[in-house]
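Position 1 is the first residue of the sequence, and the numbers go up from there.
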Amino acid sequence: MADYRTIQAEALTSAVRAIVKAGGSSDREAELVSTNLVEANLKGHDSHGVGMIPRYVQSVTNGGLAVNQHVKIVLDTGPLLTLDGLTGYGQVIGHEAMELAAERAKRNGVCLVGLSNAHHIGRIGHWAEQCIDHGLVSIHFVNVISRPIVAPWGGSDARHGTNPFCVGIPRRGKEPIVLDFATSRIAQGKTRVAHNKGVELEPGTIIDNEGKPTVSPRYTVIPPYGAILPFGEHKGSGLALVCEILGGALSGGQVVKGPSDGKHNVLNGMLSIVIDPGKLGTGENLAREVESFVAWHTASPPGPGVDKVKIAGEPERETKKKRLAEGIPVDPTTWQEILEAGKKFGLDQAAIEKIVG
């Protein structure tokens with residue numbers, strides 16, 4: 001990693017905040033976007049981190065991302081919320097949507113919220129963690145309206161997005177359970193990161209433009225395009241199908257219907273179920289039984305090459321601790337793309353370099 005530059009989280013947040021503000025965003029919006037992206041980097045999900053800024057800048061420039069938008073309430077019956085993101089920054093829209101959902105879940109015991117037309121809402125675990133901060137369990141189904149990038153099981157070209165699935169479960173006095181994964185073998189952004197690093201992907205991860213196996217990440221980054229394969233064969237593909245319909249259609253939004261329009265915009269739809277265990281009358285039972293199962297689960301003797309059995313969310317927390325101490329590694333290609341993005345918003349390279357030191 002000799003060519004990487006390592007940037008402290010606070011400095012990287014300041015640099016991204018400056019770029020977003022230069023694009024016309026309010027202080028609050030710039031803060032929510034920058035802290036969200038850097039948090040993804042801290043937790044090891046560089047695919048959803050600051051490397052997204054060039055795409056965001058491009059989307060603002062071509063009108064696919066509207067600055068300073070707020071979530072629009074389309075329907076509110078208390079336990080049921082239908083929301084429109086108005087193509088605003090997903091970091092703002094997602095935050096506002098989850099705050100609305102949390103308030104109603106605490107009042108009514110549950111909130112089912114359909115969110116449509118949000119620009120890229122980033123790492124879905126972020127929204128589960130927001131619900132956890134309110135003591136709530138949450139389940140999220142997400143679809144992606146952009147250039148199709150994932151092949152269905154048995155198919156030979158891309159037909160949908162990475163369609164994430166996520167569950168968050170709070171634990172009393174202990175770190176929560178956060179299950180968050182793309183239904184593709186890897187997230188699309190991870191192929192971009194690999195391409196920028198100049199490294200190959202694991203065999204069985206993607207196919208090329210002719211539907212043949214390849215290890216070159218270029219087939220998901222530059223034309224001619226191939227596709228990422230689903231995780232878990234037919235199981236991951238089936239879950240992706242469900243995420244597309246629940247996150248896209250039931251939420252009140254749209255589903256992928258054909259090839260991309262050629263723009264680099266990313267819209268997300270998300271169907272979330274937010275539950276207050278206390279209102280359900282099972283809060284004490286949940287707290288007790290979670291600890292019983294976590295203890296049993298993690299007591300399994302580690303297999304070869306494994307230090308210990310972990311719970312979902314634990315690897316991210318370990319990475320965050322390490323990166324807060326040592327800094328966040330940013331590859332040179334990604335950093336150059338970020339500098340170029342800032343330039344498009346009138347922020348010169350020297351100004352950004354000065355911020356990160």
Side-chain angles (χ1 to χ4, degrees), residues 29 32-33 36-37 39-40 45 47-49 51-53 55-56 58-60 62-67 69-74 81-101 112-131 138-150 158-168 180-184 187-190 192 228 239-257 260-261 263-274:
E29 181 159 281
L32 285 172
V33 173
N36 176 290
L37 293 178
E39 180 72 8
H45 293 284
S47 55
H48 291 66
M52 289 301 300
I53 278 294
R55 289 196 72 172
Y56 291 178
Q58 190 172 27
S59 293
V60 170
N62 68 25
L65 167 53
V67 302
Q69 293 296 317
H70 297 283
V71 74
K72 177 185 176 183
I73 298 175
V74 178
L81 266 177
T82 307
L83 307 172
D84 190 330
L86 304 175
T87 71
Y89 268 109
Q91 288 76 10
V92 174
I93 301 301
H95 176 81
E96 293 178 351
M98 290 303 101
E99 285 301 297
L100 288 169
L112 178 71
V113 54
L115 171 65
S116 64
N117 299 320
H119 196 268
H120 186 245
I121 54 178
R123 185 179 68 92
I124 309 305
H126 193 96
W127 312 122
E129 289 161 0
Q130 188 177 337
C131 293
S138 64
I139 306 163
H140 310 264
F141 302 88
V142 185
N143 88 318
V144 186
I145 300 296
S146 185
R147 174 173 60 82
I149 193 64
V150 183
R159 294 283 155 162
H160 57 78
T162 52
N163 293 14
F165 173 74
C166 179
V167 179
D180 176 21
F181 57 78
T183 50
S184 50
Q188 181 180 356
K190 283 185 168 60
R192 184 194 72 246
I228 307 171
L239 184 55
L241 176 78
V242 167
C243 286
E244 187 70 37
I245 293 166
L246 297 183
L250 188 58
S251 71
Q254 52 188 317
V255 297
V256 176
K257 302 181 182 74
S260 167
D261 59 7
K263 295 181 180 178
H264 291 274
N265 304 324
V266 183
L267 291 179
N268 286 126
M270 179 166 69
L271 185 80
S272 302
I273 305 163
V274 185

Review point. Can you list the residues that meet the side chain to side chain donor-acceptor pair (under 3.5 Å) rule with N143, with sequence neighbours excluded?
Key: E244
Check your understanding: Is the backbone N or O of L65 less than 3.5 Å from a side-chain atom of T87, with the two atoms forming a donor-acceptor pair by type?
Key -> no
Exercise for review: Compare all side-chain heavy atoms of E39 with those of H45 and state whether any distance is below 4.5 angstrom.
Suggested key: no
Review point. Does a side-chain heavy-atom distance below 4.5 Å link R55 with S146?
Key: yes
Practice item. Please name the pair of heavy atoms, one in G94 and one in W127, separated by the smallest distance, quoted to 0.1 Å. Key: C-CZ3, 3.5 Å
Revision key, fill the gap. With sequence neighbours left out, the residues meeting side chain to side chain contact (heavy atoms under 4.5 Å, CB included) with L100 are V71, I73, L81, L83, R104
Review point. Where is the tightest heavy-atom contact between A240 and T183, given as atom of each residue plus distance?
Key: CB-OG1, 3.3 Å
Check your understanding: Does Y56 have any ring-ring contact (aromatic ring centres under 6.0 Å, His included) partners at least two apart in sequence or in another chain, and if so, which?
Key -> Y89, H119, H120
Check your understanding: salt bridge (charged side-chain N to carboxylate O under 4.0 Å, His left out) with E29: which residues, sequence neighbours excluded?
Key -> none
Point to revise | Residues which pass salt bridge (charged side-chain N to carboxylate O under 4.0 Å, His left out) with R159, listed by chain and number, not counting sequence neighbours | key: D157
Point to revise | Within-4.5 Å side-chain heavy-atom neighbours: I124 and M270 | key: yes
Practice item. Can you sort out the partners of E99 under side chain to side chain donor-acceptor pair (under 3.5 Å), two or more places apart, ordered by chain and number? Key: Q130, H134
Check your understanding: Can you tell if the side chain of Q188 reaches within under 4.5 Å of the side chain of R147, non-hydrogen atoms only?
Key -> yes
Point to revise | E96 vs Q69 side-chain heavy atoms within contact, under 4.5 Å | key: no
Practice item. With sequence neighbours excluded, tell me which residues meet side chain to side chain donor-acceptor pair (under 3.5 Å) with H160. Key: none
Check your understanding: Mind checking whether F181 and L239 have side chains closer than 4.5 Å, heavy atoms only?
Key -> yes
Check your understanding: How would you list, by chain and number, every residue that makes a side chain to side chain donor-acceptor pair (under 3.5 Å) with S272, sequence neighbours excluded?
Key -> H140
Taking distance alone, no hydrogens or angles, what donor-acceptor pairs closer than 3.5 Å link side-chain atoms of residues 246-257 to residues at least two apart or in another chain?
| from | atom 1 | to | atom 2 | distance (Å) |
| --- | --- | --- | --- | --- |
| S251 | OG | G247 | O | 2.6 |
| S251 | OG | G248 | O | 3.2 |
| S251 | OG | G253 | N | 3.4 |

Check your understanding: Would you say the side chain of V144 lies within less than 4.5 Å of the side chain of N268, judging by non-hydrogen atoms?
Key -> yes
